[in-house]
Amino acid sequence: MSQLLRVQNFTVSQDGFGAGEGQSLERPFGHADPGALFSWAGATASWPGRTEPGGSRGLDDYFARDFSHGIGAEIMGRNKFGPQRGPWQDEEWRGWWGDEPPFHTPVFVLTHHPRPSFTLSDTTFHFVSGDPAEVLAQAKEAARGQDVRLGGGTTVVREFLAAGLVDTLHVAVSQVKLGSGVRLWESPEELLDRYHLDVVPSPSGVTHHLFWRK
């Protein structure tokens with residue numbers, strides 16, 4: 001099977017926003033509370049940020065556990081990497097994740113202001129410009145036959161959807177309402193001209209939307 005571009009565990013609010021307004025160093029998701037938005041994943045046994053034993057099993061845990069399966073590279077937007085805008089003023093900033101990023105693969109950060117690549121643990125960040133197809137080609141080469149994860153944020157997911165490059169898309173719709181921010185969709189039905197869709201409710205209250213190409 002050919003390499004896929006996959007969106008995994010991408011969480012939006014009940015009204016379709018993937019992030020709130022006013023991103024800052026202190027608030028990576030703007031006015032959205034990530035603890036509430038991602039509570040479905042944080043409660044699972046396989047949540048990578050878990051520091052104590054326990055956590056739920058079942059449907060939500062299946063998706064959390066599958067996050068890195070078969071993934072050889074990630075693409076993300078600059079706003080997922082950090083809060084800076086414009087030319088890099090501080091190249092000491094190395095992302096929100098500390099010295100052990102959760103990716104364990106090459107990561108391609110889309111930006112109009114490239115900077116040198118660097119490595120933290122087993123994750124190397126590359127800062128690239130170009131259209132979605134060009135960046136995907138780079139990521140697929142780095143993935144060495146495995147799939148590529150499109151990590152977000154919301155604007156980047158929309159760009160790759162518009163370019164017709166996303167093969168599978170898993171969106172978890174939270175019960176949280178944000179009212180404003182960066183919107184993925186007005187309704188998941190917007191994608192039904194291009195994708196099949198299964199909708200699977202979870203006991204946690206989140207609803208999993210699974211899209212694959214027609």
Side-chain angles (χ1 to χ4, degrees), residues 7-44 47-51 64 67-68 73-121 123-130 132 135 139 149-162 169-186 205-206:
V7 176
Q8 296 176 279
N9 298 352
F10 193 82
T11 303
V12 301
S13 64
Q14 194 176 75
D15 45 355
F17 295 100
E21 294 182 334
Q23 184 193 48
S24 67
L25 180 62
E26 295 75 22
R27 298 194 66 89
F29 287 85
H31 78 278
D33 175 4
L37 196 62
F38 297 98
S39 61
W40 71 271
T44 65
W47 178 244
R50 176 169 293 284
T51 57
F67 181 72
S68 297
E74 166 147 342
I75 297 169
M76 68 171 64
R78 180 171 173 178
N79 292 356
K80 179 175 177 179
F81 177 78
Q84 298 184 52
R85 305 291 189 273
W88 294 96
Q89 301 298 319
D90 179 14
E91 291 193 3
E92 294 301 312
W93 172 262
R94 295 194 165 197
W96 307 103
W97 306 280
D99 292 334
E100 295 286 340
F103 307 106
H104 314 294
T105 67
V107 174
F108 293 82
V109 181
L110 284 165
T111 175
H112 295 297
H113 303 278
R115 57 180 273 189
S117 301
F118 65 84
T119 300
L120 292 172
S121 186
T123 298
T124 298
F125 291 92
H126 303 285
F127 300 86
V128 296
S129 59
V135 174
R149 180 173 51 238
L150 183 61
T154 310
T155 301
V156 167
V157 173
R158 289 180 62 95
E159 287 176 356
F160 278 75
L161 283 169
L169 178 72
H170 165 225
V171 179
V173 179
S174 168
Q175 292 181 308
V176 172
K177 287 188 177 181
L178 293 181
S180 62
V182 188
R183 190 187 288 277
L184 179 64
W185 58 39
E186 295 279 352
V206 74

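This is a predicted model, so every value here is computed, not measured.
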Quick note, salt bridge (Lys or Arg N to Asp or Glu O under 4.0 Å) partners involving residues 7-25, not counting sequence neighbours, are none
Interatomic distance, CG@Asn9 vs OG1@Thr44, rounded to 0.5 Å, equals 8.5 Å
Output for pair (His170 NE2, Gln8 CD), nearest 0.5 Å, gives 9.0 Å
Quick check: do His113 and Arg78 have side-chain heavy atoms less than 4.5 Å from each other? yes
Under 4.5 Å between any side-chain heavy atoms of Leu120 and Trp97, yes or no?
no
_His31 and Ser180, any side-chain heavy atoms less than 4.5 Å apart_ = yes
### Heavy-atom side-chain contact between Arg85 and Asn79 under 4.5 Å
yes
Sequence neighbours excluded, the answer for salt bridge (charged side-chain N to carboxylate O under 4.0 Å, His left out) partners of Glu92 is none
Applying side chain to side chain contact (heavy atoms under 4.5 Å, CB included) to Thr154 and Phe17, what does each step give before you reach the verdict? CA-CA 8 Å; Thr154 310; Phe17 295 100; over 6 Å; no
Phe29 meets the ring pair (Phe, Tyr, Trp, His ring centres under 6.0 Å) criterion, sequence neighbours left out, with Phe38
For Glu100 and Ser121 the tightest heavy-atom approach is OE1-OG, 2.9 Å
Side chain to side chain donor-acceptor pair (under 3.5 Å) filter on Thr124, not counting sequence neighbours, yields Thr119
Met76 side chain near Val156 side chain, heavy-atom distance below 4.5 Å: no
Distance col, row Ser117:OG vs Phe127:CZ, nearest 0.5 angstrom, shows 7.0 Å
| request: Report the relative orientation of the aromatic rings in Phe81 and Trp93; use parallel for angles under 30°, tilted for 30 to 60°, perpendicular for over 60°. | output: perpendicular
Sorted by chain and number, sequence neighbours left out, salt bridge (charged side-chain N to carboxylate O under 4.0 Å, His left out) with Arg158 holds for none
Has Arg94 got a side-chain atom pairing as donor or acceptor with Asp99's backbone, closer than 3.5 angstrom? no
task: Please check if the side chain of Thr111 supplies one atom and the backbone of Pro114 the other of a donor-acceptor pair under 3.5 Å.
output: no
Fill in: Check: Pro106 and Phe108 side chains under 4.5 Å, non-hydrogen atoms
yes
Open item on the list: Quick one, Val173 and Trp185 - any side-chain contact, counting heavy atoms below 4.5 Å?
Closed with: yes
Heavy-atom nearest pair, Gly18 first then Leu37, reads O-CD2, 4.2 Å
| query | Are there more than 12 heavy atoms of other residues, nucleotides or ligands under 6.0 Å from atom CG of Asp90? | reply | yes
Sequence neighbours excluded, the answer for side chain to side chain donor-acceptor pair (under 3.5 Å) partners of Ser129 is none
For this session: Kindly say whether Val12 contributes a backbone atom to a donor-acceptor pair with the side chain of Ser174 at under 3.5 angstrom?
Result: no
*Are Arg149 and Phe67 in a cation-pi setup, meaning NZ or CZ lies under 6.0 angstrom from the ring centre and within 45 degrees of the ring axis?*
yes
*Taking atom types as modelled, is there a side-chain donor on Trp40 or Thr11 under 3.5 Å from an acceptor on the other?*
yes
- Query: Short question: side chain of Arg115, backbone of Glu91 - any donor-acceptor pair under 3.5 Å?
  - Reply: yes
Ala32 and Gly20 have their tightest heavy-atom pair at CB-N, 3.8 Å
To the nearest 0.5 Å, atom CG of Leu150 lies from atom CG of Leu161 at 7.5 Å
Trp47 and Ala41 have their tightest heavy-atom pair at CB-O, 3.3 Å
Please check if the side chain of Gln23 supplies one atom and the backbone of Pro28 the other of a donor-acceptor pair under 3.5 Å.
-> yes
- prompt: Would a 4.5 Å heavy-atom cut-off, applied to side chains only, mark Val7 and Phe160 as touching?
  reply: no
Nearest heavy-atom contact between Leu25 and Trp96 is O-CZ3, 3.2 Å
